[in-house]
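Taking it in order: structure first as structure tokens, then the write-up.
In each ligand, atom 1 is the first atom listed, and ligand 1 is the first ligand listed. What you see below is based on every heavy atom in this structure, not just the backbone, and it leaves out hydrogens, waters and symmetry mates.
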Amino acid sequence: MDERLERYVAELFAVEDPVLARVRARHAEAGLPAIHISPAEGKLLLVLLHAIGAATVLELGALGGYSGIWLARALPPPPRGRLTTIEKVARHAALARQAYAEAGLLDRVRLIEGAALDVLPTLPPGFDAVFVDADKEPLADYFEWSVRLLRPGGLLLCDNAFFHGVVIDPDDRSASAEGVRAFNRLAATDSRVVSTVIPIRDGLVVGVKVAG
Ligand code: DHB
Ligand code: MG
């Protein structure tokens, strides 16, 4: 899309409040890679979660907490509303916790430190939505766990469907590239979900669990 049109939409629909702007700035100052979602992507997540009346969301990959703020803000107050987010890197988790505190959301965010594949088997099923934004190699496993943990009618969301264009580069056989391709293939073909990709930023897989 024309960058000017992207900017037009972002400036009209995805304006950050001071908290989000500060969290993003601190994220950069801390030297974290600039791989967080964009404001427009955050707004899309917010709209989708409102559309299904989501109360419980599971996030894989909290990073510095920026996406978690967008997600948690879509939820009703606790105890019904609850974001469960998993982060493997201790430094990221510390920043994320600070971000949730600053946003006044600590009461509705449960941050679990650890590797997703260790944590996922300990979680009860029934999430209204799962947002996958973590390491790319294990994405086929993340797909399976996400579908298992979603309630019927729940939303499957996954960042980096394009992976900077790598998904259509036949020469890139890296484990990360193959992981993204595997997730996309499963999202497109697994009969338990109906999915597509919204071409926002680096591509967002959006699916609905329809069975199983
Ligand atoms: C990269 C980007 C992401 O949004 C992400 O979740 C992981 C990695 C990257 O640029 O490598
Ligand atoms: Mg991402």
Tell me the closest heavy-atom pair linking [X] and [Y], and the distance in Å.
X	Y	value
Gly81	Leu75	CA-CB, 4.2 Å
Ile35	Leu63	CG1-CD2, 3.8 Å
Tyr142	Ala134	CE1-CB, 3.9 Å

Criterion side chain to side chain contact (heavy atoms under 4.5 Å, CB included) on Val166 and Val180, from CA distance to verdict: CA-CA 9 Å; Val166 155; Val180 176; over 6 Å; no
Any residue meeting salt bridge (Lys or Arg N to Asp or Glu O under 4.0 Å) with Arg185, in chain and number order, not counting sequence neighbours: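 By the salt bridge (Lys or Arg N to Asp or Glu O under 4.0 Å) rule, Arg185 matches no residue at all.
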Which residue and atom name correspond to the protein heavy atom nearest [atom], and how close is it?
atom	result
atom 1 (C) of ligand 1	Ile35 CG2, 3.6 Å
atom 6 (O) of ligand 1	Asp133 OD1, 2.6 Å
atom 9 (C) of ligand 1	His164 NE2, 3.2 Å

Near the Mg ion (ligand 2) (under 2.8 Å) - protein N, O or S atoms: Asp133 OD1, Asp159 OD2, Asn160 OD1
Sub-4.0 Å heavy-atom contact, Lys136 with ligand 1: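 Lys136: in contact with ligand 1 (<4.0 Å).
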Test item, Asn160 contacting ligand 1 (heavy atom, 4.0 angstrom):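 Asn160 counts as a contact of ligand 1 under the 4.0 Å cut-off.
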Proximity of Glu41 to ligand 1 by residue part, where a heavy atom lies under 4.0 Å: neither
Region of Asp159 engaging ligand 1 - heavy atom pairs below 4.0 Å: side chain
His36 and His27 aromatic ring geometry - parallel, tilted or perpendicular at 30°/60° bounds: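 Taking His36 first and then His27, their aromatic rings stand perpendicular (interplane angle over 60°).
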NZ (Lys136) with more than 12 external heavy atoms under 6.0 Å: yes
Salt-bridge contact Arg192-Glu144 (side-chain N to carboxylate O under 4.0 Å): yes
Derivation of the side chain to side chain contact (heavy atoms under 4.5 Å, CB included) call for Glu178 and Asp172: CA-CA 8 Å; Glu178 295 291 19; Asp172 193 330; over 6 Å; no
